[in-house]
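Report on the following structure.
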Protein chains: 2
Amino acid sequence: MTGLPRRRLLGYAGAGVALAGAGAAAGAFATRHDEVKPAGLADAVPFHGEHQAGIVTPAQDRMHFVALDVTTTKRSELVALLKEWTEAARRMTAGQEAADAGAVGGHPSAPPKDTGEALDLPASALTLTIGFGPSLFDDRFGLAAQRPAKLIDLPKFRGDDLDPKRSGGDLCIQACANDPQVAVHAIRNLVRIGFGRVAVRWSQLGFGRTSSTSTSQATPRNLFGFKDGTNNLKAEDTDALREHVWVAPGDGPEWMVGGTYLVARRIRMHIEIWDRTSLAEQEAIVGRTKGEGAPLGQVKEFDPVDLHVRGKGGEPVIPENAHIRLASAEALGGVRILRRGYNFTDGSDGLGHLDAGLFFVCFNRDTGKQFVPMQQALASKDDMMEYLEHNGSGHFAVPPGVREGGFWGDTLFRD
Amino acid sequence: MTGLPRRRLLGYAGAGVALAGAGAAAGAFATRHDEVKPAGLADAVPFHGEHQAGIVTPAQDRMHFVALDVTTTKRSELVALLKEWTEAARRMTAGQEAADAGAVGGHPSAPPKDTGEALDLPASALTLTIGFGPSLFDDRFGLAAQRPAKLIDLPKFRGDDLDPKRSGGDLCIQACANDPQVAVHAIRNLVRIGFGRVAVRWSQLGFGRTSSTSTSQATPRNLFGFKDGTNNLKAEDTDALREHVWVAPGDGPEWMVGGTYLVARRIRMHIEIWDRTSLAEQEAIVGRTKGEGAPLGQVKEFDPVDLHVRGKGGEPVIPENAHIRLASAEALGGVRILRRGYNFTDGSDGLGHLDAGLFFVCFNRDTGKQFVPMQQALASKDDMMEYLEHNGSGHFAVPPGVREGGFWGDTLFRD
């Protein structure tokens with residue numbers, strides 16, 4: 001018995017032709033083409049593949065991200081947990097309950113194996129992506145020798161005001177879905193499975209995506225009101241992904257081939273101050289028009305960015321410190337990253353303001369050569385920094401995808 | 001010029017036939033029938049009407065709720081703000097920008113009148129509902145004599161652990177929409193318009209609805225994994241709404257006729273403990289089956305609740321302290337309320353757990369005779385209380401709906 005797929009929510013608008021859970025989960029090795037194909041809002045995204053899902057998967061609308069500390073000191077318990085998690089992730093991404101017990105099932109005298117709040121909901125394009133933090137590679141689990149050199153401790157960037165309670169973690173799990181209840185349900189059930197072995201260090205809900213990762217998606221807006229990530233790496237550009245995202249043989253260590261590195265930054269935006277800034281200044285800071293999102297001096301969003309055009313008086317049309325100039329591959333010697341962040345609003349700050357901003361997530365092949373120089377350029381020169389506060393940070397090695405019968409991180413724990 | 005409607009998001013799945021913003025805003029007096037008609041995910045909900053929208057409107061998927069303190073002491077400034085807010089609410093619920101200035105517009109040397117993050121999004125069934133807290137009726141604005149007797153200071157309930165930073169407020173605004181970015185955008189822009197006159201006291205994001213308020217909606221699940229609000233009051237039952245929700249002539253004061261009273265409670269759920277409870281105990285605490293949501297002893301969700309059936313040994317099939325018994329109209333002498341709450345997850349609690357629960361919102365005609373006795377019964381007898389922590393609370397008088405040319409609260413500030 002493989003367990004019942006969760007029931008389809010009757011009348012779920014936009015559900016489209018939801019596919020069967022079991023079929024997708026048991027599907028063959030996912031090709032890159034499969035991953036790129038945009039899923040319906042309610043469809044299942046294949047779990048197995050060369051790479052983990054949730055990276056180049058067209059960015060879903062909602063996210064729940066959790067960082068965990070491992071509380072067991074036994075390697076065998078950690079490995080057992082990774083296997084249990086993988087099985088639950090395989091099921092939930094296919095739209096099933098977390099465990100094989102029928103609807104909220106098992107024996108009445110036992111706790112239900114699934115917490116139940118997603119019972120009526122479709123798969124909702126749920127992806128679950130795991131990462132390993134630098135602290136996992138200490139003495140506890142015998143992993144010190146296998147820590148990737150590229151899994152660096154991030155340097156302190158100018159202006160950083162990091163809260164230890166929102167930073168770090170031995171592990172992270174990113175849940176993305178088109179229904180937030182499905183994403184929250186998945187994280188909650190994984191945390192529950194880990195009871196006694198892991199504890200939640202921090203978690204973040206993202207209510208709206210701020211990046212496109214596929215040419216099939218419209219560019220969303222961040223809480224500064226600007227389109228964000230117009231020139232992001234896209235799933236369709238497999239050559240660029242190979243160059244900038246996926247760890248290749250020779251990059252070392254071998255267990256990371258097909259993986260990538262995730263950087264998370266909780267960026268509080270001082271939206272009240274931003275909102276008092278003139279349209280012209282906002283556009284000069286970003287380097288794009290606000291309405292259309294066109295590069296300054298151009299007309300349409302996807303018009304090419306030309307950093308060399310000069311206007312009246314010889315001043316560059318896209319200012320020297322404009323965000324899109326500082327973050328451009330041209331200014332950074334060819335560096336690009338795959339951004340996959342989300343807007344957040346976490347209540348208020350006790351000072352009369354909303355606590356809102358961007359939960360920045362990016363994936364890159366070599367954080368020290370990609371994210372770090374980009375963030376150093378932005379932190380030191382970007383006029384936007386005046387409106388930002390980086391108060392959370394994490395860096396994680398994201399292992400390659402899981403093959404059928406495998407488990408999260410099995411290339412690392414192969415012994 | 002009436003301002004451009006926000007552009008429609010190309011390819012927004014489930015958008016259906018989004019209607020024009022301006023037409024909806026300028027529409028005639030909304031009949032009760034119009035309010036009940038389920039909107040498409042992207043449609044506009046009429047702003048004008050006998051009652052405010054967002055009460056019997058079929059519950060949208062997402063919510064952003066804010067409580068504000070009034071910082072000006074001038075009645076004229078408060079009235080001016082209510083008029084400005086009404087105009088912005090009228091526009092945003094119709095899918096337009098917050099102010100009449102064209103796309104993020106106005107002069108380049110001035111800040112944009114709209115913050116921009118909802119520019120490409122449809123109306124998304126946005127509703128904006130205002131309420132006045134007890135503290136508004138102090139000496140500052142000459143309103144003391146007009147405080148409704150029914151706008152009581154809530155009693156302390158057994159087990160209450162209220163955080164002053166999550167409680168009270170001179171004003172509240174509830175934004176509900178099918179897209180969270182649209183709800184957050186609306187609150188943010190209203191807060192912005194109020195700069196210098198109001199300050200955010202607390203705010204709460206709800207990611208998933210936990211109530212149906214229309215027979216057209218499926219019953220959603222709360223974070224205990226149970227269907228919630230099966231026997232909620234429904235918009236279609238206008239007789240029951242008249243009896244239990246809407247303030248009638250003679251209820252006093254006159255300015256509240258057509259209004260109602262809103263109670264908000266932030267209820268942290270100790271989901272980790274709940275998840276260790278057996279299925280049988282969970283079902284006994286709730287009084288319903290977990291999978292189907294049927295009353296214990298019955299088969300289907302909407303089978304009638306019979307509190308008198310006894311099983312083996314003469315014990316009631318629905319236990320004496322079951323949640324649905326304690327909260328039933330039968331047990332409470334006919335008391336009913338309209339529930340309209342949302343699930344929340346606000347990161348973690350610093351102790352290894354998620355900070356998750358239910359942001360309870362209800363509307364009733366007389367809080368002292370409806371919500372209070374119900375909550376007293378639950379707080380003193382409900383076994384579910386063991387898993388709950390009420391840490392935020394608010395009570396607000398919700399004035400009647402706005403007629404064309406009117407403004408929020410104009411029946412109170414008529415002078």
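In what follows, every chain begins at residue 1, and chains take the letters A, B, ... in the order their sequences are listed.
When heavy atoms are compared at a cutoff of 4.5 Å, Leu223(B) approaches chain A by way of both its backbone and its side chain. There is no contact between Asp228(A) and chain B, counting heavy-atom distances below 4.5 Å. For Arg192(B), the part sitting under 4.5 Å from any heavy atom of chain A is the side chain, from C-beta outward, and nothing else. Heavy atoms closer than 4.5 Å to chain A are found in both the backbone and the side chain of Ile271(B). Contacts between Arg188(B) and chain A at a heavy-atom distance below 4.5 Å involve backbone atoms as well as side-chain atoms. Contacts between Gln282(A) and chain B at a heavy-atom distance below 4.5 Å involve the side chain alone, from C-beta outward.
Taking the side chain as every heavy atom from C-beta outward, Gln181(A) and Glu117(A) approach each other to under 4.5 Å. Between Arg62(A) and Pro180(B) the shortest side-chain heavy-atom distance falls below 4.5 Å. Proximity of Asp61(A) to Asp179(B): side-chain heavy atoms (C-beta onward) are nowhere separated by under 4.5 Å. Under the 4.5 Å side-chain criterion, counting only non-hydrogen atoms from C-beta, Glu272(A) is not in contact with Phe195(B).
Side-chain N/O atoms of Asn343(A) and Thr210(A) include no donor and acceptor closer than 3.5 Å.
Between chain B and the residues Phe207(A), Trp274(A), Trp202(A), the most heavy-atom pairs under 4.5 angstrom are made by Phe207(A). Per-residue counts of heavy-atom pairs under 4.5 Å with chain B were compared for Arg276(A), Lys165(A), Arg201(A); the largest is that of Arg276(A). Taking Leu205(A), Asp275(A), Thr289(A) one by one and counting their heavy-atom pairs under 4.5 Å with chain B, the maximum is reached by Asp275(A).
A distance of 9.5 Å separates CZ in Arg209(B) from CD in Gln60(B), rounded to the nearest 0.5 Å. Here the CG-CG distance, from Asn178(A) to Leu121(A), works out to 12.0 Å after rounding to the nearest 0.5 Å.
Exactly one of Ile173(A), Asp170(A), Leu190(A) qualifies for a side-chain contact (heavy atoms from CB on, under 4.5 Å) with Leu68(A). That residue is Ile173(A). The only option from Gln174(B), His64(B), Arg266(B) that meets the side chain to side chain donor-acceptor pair (under 3.5 Å) definition with Gln204(B) turns out to be Arg266(B).
Between the Asp120(A) side chain and the Pro220(B) main chain, no donor and acceptor come within less than 3.5 Å of each other.
Contacts between residues 344-354 of chain A and chain B, defined by a heavy-atom separation under 4.5 Å, are made by Thr345(A), Gly347(A), Ser348(A), Gly352(A), His353(A), Leu354(A).
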